[in-house]
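Structure record follows, encoded as structure tokens.
Computed from a prediction, not measured in an experiment: that's the story for all the values here. Numbers restart at 1 for each chain; the letters A, B, ... are given by sequence-line order, proteins then strands.
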Amino acid sequence: MKELAEKPFALIGVHGNGYEPKKLKEVMTKEKLNWRSFADNGAIFQKWSARGTPVYYVVDHQGVIRHKWLGYPGAKGIDTALEKLIKEAEGKTQNTSK
Amino acid sequence: MTRLLPACILAICAGLVAAAQDSSADKPGTPSEQYQALQKEFFTASRIIWQETTEEERRLAVARVDKIPSKLLSLAQNNPKDPIALDALIQVVTIEYWLNTHTSHPGWGKDSPQAEAIALMLRDHLDSDKLGEACKRVHYGFRQECETFLRTVLEKNPHREVQALACLRLAQFLLSRMERLDLLMDQPELARRYQGLYGNDYLESLRRQDRAKVTQDAEALYERASKAYSEVKIPYGGTVGETARTELFEIRHLAVGKQAPDMEGMDQNSQQLKLSDYRGKVVLLYFWSEF
């Protein structure tokens, strides 16, 4: 994930145990998780039909859902998908700056 | 050739097991007793699959389960007026699904017990007020007969509660069949399994179906379920209306290719977090929890 720091990319968690932010913070600090995560009380899980975990959605730079995985698709599956979409996003940035 | 070998072994094992059991299990009792005995046999044999057993033990267990559908079918055919007949047919549907999903049973091709059970349900039980459970079990299936069953029940069963469940389950069946077909593209092993179970012609015909039309069809069924049958209860969970509206939202707003709905709330630092603030970036949304 480190090499993605400079890229147009963000990992956002949606945590579903119903913890208050403070308790979620404790968990994430303990596990050394440094990305932002919603502390969801169930509303986001319900709206997004996440009936179990893990569930992954990949949203592209235009806000369009491009992938949806119910269950872990493997590191390679995630990496390949992200690389392709990040290139698309970078291509767009370059085009607009020209 | 690769399919024939396991089939042969299966047939031999099935024969041995049948010889050992016929004397006790087939003593004719009442239809209900016969049904209970077959249920017990299924639960005993199917439990072995989950235990840490050898390949050989698992194969024997599959061979035991393989014998059950034809017995259930005979039970239903011999007692078409007995309420247990419908239970037996529903169980046939379930057992074939179970074998297809959890074991390497080679399937029955055109002689599918599931297809025959569905035909018998349509012939002998189409007016039954107990078809809701049948709709549920059938909708897990993949065959064309499953679609035919759900459509026929929706149009011809006289009970509103049953129609409601048929309507919802048909929408779910159409979408999940399309999704499963997509999965086969990335999974050659699963694709071969489906070819063996359902035949290449059927898979090809499904690949030719118009995706947009299937989705529209499912949407229309969800709309109908939501409007005409909203308050009907689904056994063990919610109402038909709630479920239909949730799933309609999924296909309209949460499917690949759709604009993601916005997401807003607090993060772990009690800071406001909003998905749309990340426009311009690729976002991996990770739904997680602790156990």
Side-chain angles (χ1 to χ4, degrees), chain A residues 4 7-29 31 33 35-41 43-50 52-68 77-78 81-86 88-89 92-93, chain B residues 171-172 175-176 178-180 182-183 185-187 190 215 218 222 234 236-238 242-291:
Chain A
L4 289 172
K7 304 275 185 185
F9 169 78
L11 165 62
I12 298 180
V14 186
H15 186 260
N17 286 58
Y19 293 169
E20 293 295 319
K22 191 164 165 269
K23 183 158 184 207
L24 178 59
K25 171 95 173 170
E26 282 167 23
V27 171
M28 294 185 76
T29 309
E31 302 288 334
L33 303 173
W35 26 273
R36 295 181 78 185
S37 176
F38 285 99
D40 184 37
N41 57 12
I44 300 178
F45 262 69
Q46 194 181 2
K47 184 175 176 187
W48 283 70
S49 287
T53 53
V55 167
Y56 304 79
Y57 282 87
V58 181
V59 179
D60 72 12
H61 64 284
Q62 294 175 312
V64 174
I65 297 172
R66 299 290 292 269
H67 296 275
K68 174 181 183 174
I78 297 185
L82 291 180
E83 263 170 46
K84 185 171 170 280
L85 293 176
I86 289 168
E88 274 182 35
K92 202 211 159 209
T93 325
Chain B
Q172 292 172 332
L175 293 173
S176 100
M178 200 159 65
E179 278 167 22
R180 277 199 259 173
D182 290 343
L183 282 183
M185 287 199 291
D186 307 324
Q187 301 186 36
L190 190 64
T215 310
Y222 279 132
I234 304 172
Y236 309 111
E242 284 159 17
T243 307
R245 284 186 287 276
T246 301
E247 293 178 12
L248 201 51
F249 186 83
E250 274 176 47
I251 55 176
R252 286 185 175 158
H253 302 289
L254 296 174
V256 169
K258 304 289 181 185
Q259 195 73 33
D262 205 3
M263 198 185 266
E264 222 178 326
M266 292 286 184
D267 74 359
Q268 71 270 35
N269 296 311
S270 299
Q271 303 285 315
Q272 196 69 22
L273 180 56
K274 209 171 160 190
L275 175 60
S276 52
D277 288 345
Y278 287 80
R279 191 60 59 82
K281 288 187 177 181
V282 176
V283 177
L284 176 61
L285 284 173
Y286 169 42
F287 290 77
W288 64 297
S289 60
E290 290 175 297
F291 296 101

Exercise for the section: Tell me, for B:Asp262 versus chain A, whether the close heavy atoms (under 4.5 Å) come from the side chain, the backbone, both or neither. Expected result: backbone
Practice task
Heavy-atom distances under 4.5 Å only: say whether B:Glu179 touches chain A with side chain, backbone, both or neither.
Solution key: neither
Problem - Contacting moiety of A:Arg66, where chain B heavy atoms sit under 4.5 Å - result: backbone
Exercise for the section: Kindly compute the distance separating CG (B:Leu275) from CD1 (A:Ile12), expressed to the nearest 0.5 Å. Expected result: 5.5 Å
Exercise for the section: Measure distances from A:Lys47 to the heavy atoms of chain B and classify the residue's part below 4.5 Å as side chain, backbone, both or neither. Expected result: both
Practice task
For the residue pair A:His15 and B:Trp288, categorise the inter-ring angle as parallel (less than 30°), tilted (30 to 60°) or perpendicular (more than 60°).
Solution key: perpendicular
Practice task
Enter the distance from A:Phe38:CZ to B:Met266:CE here, rounded to the nearest 0.5 Å.
Solution key: 11.0 Å
Exercise for the section: Using the test salt bridge (Lys or Arg N to Asp or Glu O under 4.0 Å), find all partners of A:Lys84 that sit at least two apart in sequence or belong to another chain. Expected result: A:Glu88
Practice task
Below 4.5 Å from any heavy atom of chain B, which atoms of A:Ala39 appear? Answer side chain, backbone, both or neither.
Solution key: both
Handout entry: Region of B:Glu264 in contact with chain A, defined by heavy-atom distances below 4.5 Å
Key = backbone
Practice task
Indicate whether the side chain of A:Tyr19 and that of B:Glu290 have a donor and an acceptor atom separated by less than 3.5 Å.
Solution key: yes
Exercise for the section: Please examine the side chains of A:Leu11 and B:Tyr286, heavy atoms only from C-beta on, and report whether any two atoms are closer than 4.5 Å. Expected result: yes
